Structures are given as C-alpha cells and as structure tokens.
Q: 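One structure is given below, represented as structure tokens, and several questions about it will come after.
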Amino acid sequence: MKKIVFVTGATAGFGKAIAQIFSKNGNDIIINGRRKERLNELEKELRNNGADVLQLPFDVRDKNAVKQAIDSLFGKWKNINILVNNAGLAQGLNLIQDGDIEDWDTMIDTNVKGLLYVSRAVMPLLIKTGNAHVFNIGSIAGKEVYQKGNVYCATKHAVDAITKAMRIDMLEHGIKVTGICPGAAETEFSLVRYKGDAEKAKNVYKGFTPLYAEDIATIVYFAATRPAHVCINDIVITPTAQANAMYIHKV
Ligand code: NDP
Ligand code: 8X3
C-alpha cells in the first residue's frame with residue numbers, strides 16, 4: 001500500500017537515501033532540509049521514480065517555522081504514515097574544557113530540540129492516520145561515549161531516551177517507534193563536523209570500509225515493511241571493521 005513518508009534532513013546522506021528507497025518502492029515523500037536547490041534536485045529525482053513529492057524546507061531548530069510548515073499540509077499530505085527524524089549533525093570535536101559553546105548550542109538545538117519540535121507537530125497527524133511508524137536516527141554515540149564526543153554523544157543519548165519514551169506514549173495508538181543507531185558512515189557528516197575541511201573528513205574513513213547511506217536506508221526500509229504486529233525497537237549498525245564507538249580496525 002502506498003504510504004506518505006516524511007523525511008527530515010533529506011538533502012544529503014541518510015535522509016536522501018531513505019527518501020530514494022521509499023520513492024522507488026511506490027510511496028509518496030515529503031522532503032525537508034534547509035538547502036532549497038538540493039530539495040529541487042531531489043524532488044525531480046523522486047518524481048522520476050514515480051513518487052508524488054512535497055517540499056517542506058525549514059530549519060528544524062525554528063519552532064515557529066516547524067509548526068507553520070506542518071500546519072500548511074493539505075489534502076492527502078496530512079495523512080503521514082512514516083516520520084523519519086533524521087536531520088542532525090555533529091559540530092566540532094573537542095575536549096570538554098575546549099568546547100565551543102556555539103557548537104554545543106547548534107547540536108542540542110538541532111539533534112534534540114529540533115527532533116522534538118518536529119515530533120510534537122507531526123505526532124497528532126500520525127495518531128489520526130493510524131498504522132503509523134516513527135524512525136529516530138540516533139547513533140552508536142547514543143549508546144556509548146568517546147573522547148571529545150561529549151556533547152554530540154549527549155544529544156544522541158537524549159535521542160535514545162526520547163525514542164524509548166515515545167514508544168511508551170504511542171503504545172495505545174499502535175504506532176511503531178524504531179531507533180536507528182549507526183556507527184561510522186561516510187556521508188557529509190564529517191565534512192560538517194570539521195566545518196568544511198574535506199581532508200580531515202576524508203581521513204576519518206581511511207583504512208576501513210565505512211557504512212554508506214544506502215546501507216542505512218535499506219535497514220530503515222526493512223523495518224518499515226515488517227508485518228503490522230512486528231515492531232523493531234532498536235538497531236545498532238556498524239561497519240564490520242568497527243566493534244563499538246571507540247574501536248575501529250584500520251589497516
Ligand atoms: P549529512 O550531513 O550527510 O546529512 C545531514 C542532513 O541533515 C542534511 O540533509 C541537512 O540538510 C540536515 N540538517 C542538518 N541540520 C538541519 C536543520 N537545522 N534543519 C533541517 N535539516 C537539517 O549527515 P548524515 O546523513 O550522516 O546524518 C543524518 C543523521 O544521522 C544525523 O542525525 C546524524 O547525527 C546521524 N548519524 C550519522 C552517522 C554518520 O557516521 N554519518 C552515524 C550515526 C548517526 P540541510 O543542511 O540542507 O539543512
Ligand atoms: C556518528 C557516528 O561515531 O562519529 O553518529 O559518533 S560517531
């Protein structure tokens with residue numbers, strides 16, 4: 001059955017790959033992100049895959065913009081079946097005493113508060129639609145902490161807690177809630193973390209085969225297509241070369 005899938009942060013990485021896989025499998029997609037040109041390109045691509053597409057460009061940190069965008073949904077677009085809370089980022093990698101407070105604010109505002117603003121606005125629609133499913137993109141950094149990861153890890157631990165809490169709150173509505181917790185994946189993530197330093201970003205993935213965005217999209221699609229009585233609660237995915245947040249075997 002055709003579903004309406006709402007993906008935040010669909011202009012790159014996991015979000016883009018998730019929008020692509022759902023569009024190729026007969027679903028209609030609402031795409032969000034701040035970069036309008038990328039949304040335009042993605043809309044064309046998804047339409048070529050046969051999907052109907054609605055763009056909702058907003059910054060998840062802006063609670064008024066989030067509410068306005070969700071309130072503007074019309075017709076069938078209100079009947080969202082799947083929400084993928086994916087928009088997020090790491091900014092900086094510093095010991096706590098050297099941390100940049102603006103980086104901290106950006107990560108907390110995006111990864112925690114942004115996810116909450118979007119969820120608060122969309123959950124009532126999911127409850128009305130029924131048979132709905134929420135995916136929260138957490139991280140292995142939400143299961144363990146690593147040196148210099150302090151605040152990013154804290155935001156992803158918060159996502160882990162919100163995911164568990166949502167599952168309880170959504171129980172009476174029969175809404176599935178799944179936490180997706182990837183390890184090292186080569187997307188634009190490290191480019192953003194290192195503020196555009198492409199050399200540093202590339203080095204993160206040298207010496208091993210990382211995950212790719214398509215690996216995560218395939219897993220989200222798998223979890224979204226289980227029978228109605230089956231909910232996959234939580235998935236931790238690492239590259240084969242990664243044992244946990246600290247140990248990556250590099251050659
Ligand atoms: P990318 O940088 O490739 O993509 C991030 C996406 O988030 C972009 O589409 C970006 O769009 C969007 N985004 C960022 N900030 C905002 C904002 N304020 N409002 C709206 N959209 C925003 O990274 P990934 O695909 O790797 O990251 C996706 C998620 O996966 C994040 O939550 C990240 O923490 C998590 N993650 C990543 C891992 C990795 O190793 N790559 C591992 C584990 C988890 P735009 O800039 O256009 O707004
Ligand atoms: C991104 C993966 O290991 O850099 O969430 O925290 S990691």
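Everything numeric in this text was worked out from a predicted model, so none of it was measured. Numbering of ligands and ligand atoms starts at 1, following listing order.
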Q: So is Gly9 polar-close to ligand 1, meaning N/O to N/O under 3.5 Å?
A: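 Among all N and O atoms of Gly9, at least one is under 3.5 Å from an N or O of ligand 1.
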Q: Assert yes or no for the condition that the ring centre distance of Phe22 to Phe6 is strictly below 6.0 Å.
A: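 Judged by ring-centre distance (under 6.0 Å), Phe22 and Phe6 do not meet the cut-off.
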Q: Salt bridge check: are Asp160 and Lys164 linked by an N-O gap of less than 4.0 Å?
A: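 Result for this pair is yes, salt bridge flagged.
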Q: We want to know whether Asn203 and Lys206 form a side-chain donor-acceptor pair, criterion being a heavy-atom distance below 3.5 angstrom.
A: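 Yes, Lys206 and Asn203 have a side-chain donor paired with an acceptor closer than 3.5 Å.
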Q: Tell me whether ligand 1 is touched by Lys156 - counting only heavy atoms on the residue side and a distance under 4.0 Å.
A: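 It does, in that a heavy atom of Lys156 comes within the 4.0 Å cut-off of ligand 1.
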Q: Does NZ or CZ of Arg226 lie under 6.0 Å from the centre of the six-membered ring of Phe222, at an angle within 45° of the ring axis?
A: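 Cation-pi check for Arg226 and Phe222: passes.
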Q: Is there a donor-acceptor contact under 3.5 Å from the side chain of Asp98 to the main chain of Asn94?
A: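 Between the backbone of Asn94 and the side chain of Asp98 there is no qualifying donor-acceptor contact (under 3.5 Å).
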Q: What protein heavy atom sits nearest atom 15 (N) of ligand 1, and how far away is it?
A: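 Checked against all protein heavy atoms, atom 15 (N) of ligand 1 sits closest to Arg34 NH2, 3.3 Å.
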Q: For Glu188, is there an ion pair with Arg38 - N to carboxylate O distance below 4.0 angstrom?
A: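 Yes, charged N to carboxylate O under 4.0 Å.
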Q: Taking only heavy atoms of Ala141 into account, list the atoms of ligand 2 that are under 4.0 Å away from them.
A: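 Per the distance check, 6 (O).
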Q: To the nearest 0.1 Å, how far is atom 25 (O) of ligand 1 from its closest protein heavy atom, and which atom is that?
A: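 The closest heavy atom on the protein side is Phe14 N, 2.9 Å.
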Q: Ile80 versus Leu73: any side-chain heavy-atom pair under 4.5 Å?
A: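 Yes, their side chains come closer than 4.5 Å.
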Q: Does Gly138 reach ligand 1, in the sense of a heavy atom lying below 4.0 Å from it?
A: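 For ligand 1, residue contact (heavy atoms, under 4.0 Å) with Gly138 is present.
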Q: Is a side-chain donor or acceptor of Thr110 paired with a backbone partner of Met107 at a separation under 3.5 angstrom?
A: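 Not confirmed, Thr110 side chain does not pair with Met107 backbone.
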Q: Counting each atom of ligand 1 from 1 as listed, which ones have a heavy atom of Gly33 under 4.0 Å away?
A: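 Once the distances to Gly33 are compared, the set is 48 (O).
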Q: Nearest protein heavy atom to atom 5 (C) of ligand 1, by residue and atom, and its distance?
A: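 In this structure, atom 5 (C) of ligand 1 has Gly88 O, 3.8 Å as its nearest protein heavy atom.
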Q: With a cutoff of 4.0 Å, is Asp59 in contact with ligand 1, counting heavy atoms of the residue only?
A: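 A heavy atom of Asp59 does come that close to ligand 1.
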Q: With respect to His133, which candidate in Thr178, Ile175, Asn81, Val220 satisfies the side chain to side chain contact (heavy atoms under 4.5 Å, CB included) definition?
A: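 Going through Thr178, Ile175, Asn81, Val220 one by one, the side chain to side chain contact (heavy atoms under 4.5 Å, CB included) with His133 is satisfied by Thr178 alone.
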Q: Measuring from atom 42 (C) of ligand 1, which candidate in Ser139, Gly183, Ser190 has the nearest non-hydrogen atom?
A: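 Among Ser139, Gly183, Ser190, the closest heavy atom to atom 42 (C) of ligand 1 belongs to Gly183.
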Q: So, does Ala10 sit close enough to ligand 1 that a heavy atom of it is under 4.0 Å from the ligand?
A: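 The answer is yes: ligand 1 sits under 4.0 Å from a heavy atom of Ala10.
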Q: For Ile31, run the side chain to side chain contact (heavy atoms under 4.5 Å, CB included) check against Thr8, Ile18, Leu39, Thr11 and tell me which one passes.
A: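 In the set Thr8, Ile18, Leu39, Thr11, the residue that makes a side chain to side chain contact (heavy atoms under 4.5 Å, CB included) with Ile31 is Leu39.
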Q: If we set the cut-off at 4.0 Å for heavy atoms, which region of Lys156 has an atom near ligand 2: side chain, backbone, both, or neither?
A: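 Neither part.
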Q: Regarding Lys143 and Asp234, does a basic nitrogen lie under 4.0 Å from an acidic carboxylate oxygen?
A: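 Looking at Asp234 together with Lys143, the answer is yes, because their closest N to O distance falls below 4.0 Å.
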Q: Compute the shortest N/O to N/O distance between Val60 and ligand 1 and return yes if it is under 3.5 Å, no if not.
A: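 Yes: some nitrogen or oxygen of Val60 is under 3.5 Å from one in ligand 1.
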Q: Indicate yes or no: does an N/O atom of Ala185 lie under 3.5 Å from an N/O atom of ligand 1?
A: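 Yes: some nitrogen or oxygen of Ala185 is under 3.5 Å from one in ligand 1.
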Q: Of the protein's non-hydrogen atoms, which lies at the shortest distance from atom 6 (O) of ligand 2, and what is that distance?
A: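 Here the closest protein heavy atom is Tyr146 OH, 2.7 Å.
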Q: Going by the atom numbers of ligand 2, which of them fall below 4.0 Å from some non-hydrogen atom of Arg193?
A: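 What qualifies from ligand 2 is 4 (O).
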Q: Quick one: does Arg38 get within less than 4.0 Å of ligand 1, heavy atoms only?
A: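 In this structure, Arg38 fails to qualify as a contact of ligand 1 - no heavy atom is under 4.0 Å.
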Q: Which part of Asn32 is near ligand 1, with near meaning a heavy atom under 4.0 Å away: side chain, backbone, both or neither?
A: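 Near ligand 1, Asn32 shows its side chain, while the N, CA, C and O stay back.
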Q: Atoms of ligand 2 less than 4.0 Å from Ser139 heavy atoms?
A: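 Contacts of ligand 2 toward Ser139, numbered from 1: 1 (C), 2 (C), 5 (O), 6 (O).
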Q: Tell me, which protein residue and heavy-atom name are nearest atom 24 (P) of ligand 1, and how many Å apart are they?
A: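 The answer is Thr187 OG1, 3.4 Å.
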Q: In terms of residue, atom name and distance, what is the protein heavy atom nearest to atom 9 (O) of ligand 1?
A: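 Scanning the protein heavy atoms, the shortest distance from atom 9 (O) of ligand 1 goes to Thr11 OG1, 2.7 Å.
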Q: Any side-chain heavy-atom pair from Arg61 and Thr106 closer than 4.5 angstrom?
A: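 The answer is yes, as the side chains (C-beta and beyond) meet within the 4.5 Å cut-off.
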Q: Is it true that Arg34 and Asp62 make a salt bridge, defined as a side-chain N closer than 4.0 Å to a carboxylate O?
A: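 Answer for the salt bridge query: no.
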Q: Among protein heavy atoms, which lies nearest atom 3 (O) of ligand 1, and at what distance?
A: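 I find the closest protein heavy atom is Glu188 N, 3.1 Å.
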Q: Can you list the steps and then say if Gln55 with Asn40 is a side-chain hydrogen bond (donor to acceptor under 3.5 Å, both in side chains)?
A: CA-CA 8 Å; Gln55 289 189 28; Asn40 290 341; 2.9 Å; yes
Q: Are Ala141 and ligand 1 in contact, using a heavy-atom cut-off of under 4.0 Å?
A: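 No, Ala141 has no heavy atoms under 4.0 Å from ligand 1.
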Q: Just which atoms of ligand 1 are under 4.0 Å from any heavy atom in Ile137?
A: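 Answer, ordered by atom number: 29 (C), 30 (O), 35 (C).
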Q: Kindly say whether Asn233 contributes a backbone atom to a donor-acceptor pair with the side chain of Arg167 at under 3.5 angstrom?
A: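 Checking the backbone N and O of Asn233 against the side chain of Arg167, a donor-acceptor pair under 3.5 Å is found.
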Q: Checking a contact table here: which protein heavy atom is nearest atom 22 (C) of ligand 1, and how many Å away?
A: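 For atom 22 (C) of ligand 1, the nearest protein heavy atom comes out as Ala87 CB, 3.7 Å.
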Q: At a non-hydrogen distance cut-off of under 4.0 Å, which region of Tyr152 contacts ligand 1 (side chain, backbone, both, or neither)?
A: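 Side chain only; the backbone of Tyr152 stays clear of ligand 1.
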Q: One pair to check against side-chain hydrogen bond (donor to acceptor under 3.5 Å, both in side chains): Ser190 and Tyr205. What are the steps and the verdict?
A: CA-CA 9 Å; Ser190 290; Tyr205 309 105; 2.7 Å; yes
Q: Look at atom 28 (C) of ligand 1 and say which protein heavy atom is nearest, naming residue and atom and giving the distance to 0.1 Å.
A: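 Heavy-atom neighbour on the protein nearest atom 28 (C) of ligand 1: Asn86 OD1, 3.2 Å.
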